Amino acid sequence: MQIFLIGFMGSGKNYWAEKLSHEMNIPWFDLDSEIEKRQGQRIRDIFSDRGEGFFRRLEADVLRSVSRNRHKVGSGYSSIVATGGGAPCFHDNMDWMNQHGITVWLNPSVEELEARLSPERAHRPLLQNLDDDKLKEFIKSKIDERQEFYSKAKLEIKNTNIAVPAFINLILHAQKPN
Ligand code: S3P
């Protein structure tokens with residue numbers, strides 16, 4: 001089973017990828033770390049040296065190659081990919097992910113995102129110049145802008161504090177055809 005976790009920065013994609021990987025015995029990848037390995041540079045340096053357009057092309061490319069290198073588990077090939085917050089919105093990535101696996105949108109409230117992201121601003125290229133008021137505005141407007149892509153996900157989870165077995169159950173149900 002190929003599972004793509006999508007959602008805004010700070011929505012818990014890496015946290016959940018790791019948890020699900022452990023419980024479901026499926027390997028997981030952080031798309032940003034794979035990009036950094038491929039490019040030999042930190043994400044914030046790729047943004048500042050090469051620009052966002054270059055980063056988005058690399059992101060689309062690495063998404064496809066990471067997902068192709070699927071790992072055999074039992075009788076099938078599986079992996080969990082924690083994508084970057086903007087990944088679904090560029091280069092048809094959302095449609096591609098929907099064709100190749102189950103997309104799960106982690107969608108906590110703006111207030112939760114703000115609390116998680118506020119102390120991390122310095123490390124995040126899109127947030128580093130925002131003060132407290134601007135951070136909240138930015139989160140709201142970016143989510144509005146990205147909604148049309150995020151909402152194509154097969155499954156949406158608003159309560160990201162859900163128990164692990166309940167989360168897995170939702171994925172297994174989403175896997176079944178309607
Ligand atoms: C981005 C999210 C980041 C990273 C890059 C751009 C975005 O990933 O890909 O800084 O456009 O929302 P995380 O969502 O894993 O922090």
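Given the structure is predicted, the values throughout are model-derived calculations rather than measurements. In each ligand, atom 1 is the first atom listed, and ligand 1 is the first ligand listed.
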Classify the contact between [X] and ligand 1 as side chain, backbone, both or neither, using a heavy-atom distance cut-off of under 4.0 Å.
X    : value
R146 : side chain
L126 : side chain
P125 : side chain
K142 : neither

Run through I46, L63, D61 and flag the one making a side chain to side chain contact (heavy atoms under 4.5 Å, CB included) with I35. I46
NZ/NE/NH1/NH2 to OD/OE distance under 4.0 Å, E34 and R38: no
As an exercise, identify every atom of ligand 1 less than 4.0 angstrom from a heavy atom of [X].
X   : value
R56 : 6 (C), 7 (C), 11 (O)
K13 : 13 (P), 14 (O), 15 (O)
D32 : 3 (C), 4 (C), 8 (O), 9 (O), 13 (P), 15 (O)

Counting non-hydrogen protein atoms only, what is the nearest one to atom 16 (O) of ligand 1? Give residue, atom name and distance. R124 NH1, 2.5 Å
Please determine whether residues M24 and I102 belong to a single hydrophobic cluster, defined as Ile, Leu, Val, Met, Phe, Trp and Tyr linked transitively by side-chain heavy-atom distances below 4.5 Å. yes
Could you tell me whether some N/O pair between G7 and ligand 1 is separated by less than 3.5 angstrom? no
Just distances here: any N/O of F8 and N/O of ligand 1 closer than 3.5 Å? no
For E156 and K158, run salt bridge (Lys or Arg N to Asp or Glu O under 4.0 Å): C-alpha distance rounded to whole Å, both residues' side-chain angles, the deciding distance at 0.1 Å, then the answer. CA-CA 6 Å; E156 176 185 357; K158 285 180 188 283; 3.3 Å; yes
Could you tell me which non-hydrogen atom of S118 sits nearest to which non-hydrogen atom of D132, and how far apart they are? OG-OD1, 4.2 Å
Among residues at least two apart in sequence or on other chains, which ones pass ring pair (Phe, Tyr, Trp, His ring centres under 6.0 Å) with F8? none
Which pairs pass ring-ring contact (aromatic ring centres under 6.0 Å, His included) with one or both residues in residues 133-155, sequence neighbours excluded? W105-Y150
